[in-house]
Amino acid sequence: MTRIDGHTYLIGLMAYPIRHSMSPTMHNTAFEALDLNFAYLAFDVDTPDLPDAIKAIKTLDMRGSNISMPNKQAIIPYLDKLDISAQMNQAVNTVVNDNGILTGYTTDGIGFVNDLKKKGHDVAGKKMVVIGAGGAGTPIATQSALDGLSEIRIFNRQDDRFENAKKTVALINEQTDCQASLHDLADQDDLKESLAWADIFCDATGAGMKPLEDLSLVTDPTWLKPDLVVYDTVYAPRQTKLMKIAKDAGVQNVYNGLGMMIEQGAASFKLWTGQDMPIELVQAAIE
Ligand code: NAD
């Protein structure tokens, strides 16, 4: 850590619990590789301590911070500005401090869109089905809409996220050229027809991840046509039940969420430093 000196700028990660996060390894690997004078540290910050922690960003002249649960919504009143990505999600995962002005962004959706683009799939002009309308599904839907997706059908079960999805659909229809609609996941005929209609299918639920590693929300392989792009936001395990069903069905383009996770970090990194994160190096550091 010889690169840390009196001129080093601090970037934080404020969430609770957070000590398991891969973000410090990702960002510090990139700072070192590019010889940038920043250090990234994780801080256990629960919502009651959030006002003090945000004040510290200004007091300590930190460059910014990542924000994760349970603070993604709670932070909004303490920020000076919200980027469109944060406005559309009513959530923030990245704060940038420009001379005492704190701006909030959400880079998860940017991470999804950029990962797909690097894999050869531009969302512009495409039709997408997303299952899930939580912390991952919402920014995936809104950013894809902002980036030119033509139509999106959001499926969710009848839980509290269904109400959230109603707001997301309204915002997309009001603020973008994308046509959005909300669908009940219990309507399996609708899901089957929608998967036949779509170019891209994204599962943004906890299905496929512990403790639901044996669950796929699509079980009939004939619902997944070979040219559908299938994207599971889960990255542990690297191959989920849905991904296996899709591959067995002959789907050519099947991805886990590791690329999205790295690309959301790269988008935050760019906001803080103005530089492109060395993706391959970072990926090797966390694998
Ligand atoms: P969340 O709790 O905010 O939302 C979960 C969503 O999944 C809700 O819409 C809920 O209705 C739905 N859901 C959950 N269990 C379900 C089930 N059994 N059947 C049907 N629907 C179900 O969670 P989140 O933060 O949105 O995370 C969702 C997934 O995305 C997780 O697997 C998480 O690991 C992954 N994720 C990946 C990245 C990445 O960068 N790759 C980032 C964030 C989250």
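Nothing fancy with the numbering, it's 1 onward along the sequence. Whatever order the structure lists ligands and atoms in, that order sets their numbers, starting from 1.
- Annotation: the span from Leu191 atom CG to Asp187 atom CG amounts to 8.5 Å, rounded to 0.5 Å.
- Distances below 4.0 Å separate heavy atoms of Gly257 from the following atoms of ligand 1: 39 (C), 41 (N).
- Ion pairing between a basic and an acidic side chain is recognised when a charged N comes within 4.0 Å of a carboxylate O; Glu193 and Arg153 show such pairing.
- Proximity annotation for atom 18 (N) of ligand 1: of Met69, Lys72, Lys210, Arg157, Arg157 comes nearest, heavy atoms only.
- Under 4.0 Å from ligand 1, not a single heavy atom of Leu258 appears.
- Heavy-atom distances between Gly206 and ligand 1 reach below 4.0 Å in at least one pair.
- At a threshold of 4.5 Å between non-hydrogen side-chain atoms, the residues Leu102 and Asn97 count as touching.
- Rounded to the nearest 0.5 angstrom, Ser85 OG and Leu146 CG are separated by 8.0 Å.
- Proximity of Leu217 to ligand 1, defined as any heavy-atom pair under 4.0 Å, is confined to the side chain (atoms from C-beta onward).
- Distances below 4.0 Å separate heavy atoms of Leu185 from the following atoms of ligand 1: 20 (C).
- Residue-ligand proximity, Ala133 to ligand 1, at heavy-atom distances under 4.0 Å covers atoms 9 (O).
- Interface atoms of ligand 1 facing Gly132, defined by a heavy-atom separation under 4.0 Å, are 9 (O).
- Glu213 has no carboxylate O lying under 4.0 Å from a charged side-chain N of Lys210, or vice versa, which leaves the two without a salt bridge.
- Where the criterion is an N or O separation shorter than 3.5 Å, residue side chain and backbone included, Leu215 fails it with respect to ligand 1.
- Taking a cutoff of 4.0 Å between a charged side-chain nitrogen and a carboxylate oxygen, Asp159 and Arg157 qualify as a salt bridge.
- The option from Ala165, Ala204, Gly109, Pro139 that lies nearest to atom 6 (C) of ligand 1, judged by heavy atoms, is Ala204.
- For ligand 1, the atoms lying closer than 4.0 Å to a non-hydrogen atom of Asn156 are 8 (C), 9 (O), 11 (O).
- Among protein heavy atoms, atom 32 (O) of ligand 1 sits closest to Thr205 O, 3.1 Å.
- For Tyr235, every heavy-atom contact with ligand 1 shorter than 4.0 Å involves the side chain, none the backbone.
- With ligand atoms numbered from 1 in the order given, ligand 1 contributes 32 (O), 34 (O) to contacts under 4.0 Å with heavy atoms of Met209.
- Between Arg161 and ligand 1, at least one pair of N/O atoms sits closer than 3.5 Å.
- Summary of contacts: the protein heavy atom closest to atom 23 (O) of ligand 1 is Gly135 N, 4.3 Å.
- Contact annotation for Asp159 and ligand 1: only side-chain heavy atoms (C-beta onward) come within less than 4.0 Å of the ligand.
- Classification of Asp108 and Lys72 as a salt-bridged pair holds, one side-chain N sitting under 4.0 Å from a carboxylate O.
- Atoms of ligand 1 found under 4.0 Å from any heavy atom of Val234 (numbered from 1 in listed order, with element): 32 (O).
- Using a 4.5 Å heavy-atom cutoff, the side chains of Met209 and Thr240 are not in contact.
- A salt bridge is defined here as a Lys NZ or Arg NE, NH1 or NH2 lying under 4.0 Å from an Asp or Glu carboxylate O, and Asp44 with Arg19 meets this definition.
- A heavy-atom distance below 4.5 Å is not found between the side chains of Tyr105 and Ser268.
- At a threshold of 4.5 Å between non-hydrogen side-chain atoms, the residues His121 and Tyr255 count as touching.
- Counting heavy atoms from C-beta outward, Met88 and Gln143 have side chains that stay 4.5 Å or more apart.
- Between Gln90 and Lys167, the closest side-chain pair of non-hydrogen atoms is not below 4.5 Å.
- Contact annotation: for Met260 versus ligand 1, heavy atoms closer than 4.0 Å belong to both the backbone and the side chain.
- In this structure, the protein non-hydrogen atom closest to atom 30 (O) of ligand 1 is Thr233 OG1, 2.9 Å.
- The option with the heavy atom closest to atom 27 (O) of ligand 1, from among Gly134, Ala136, Gly111, is Ala136.
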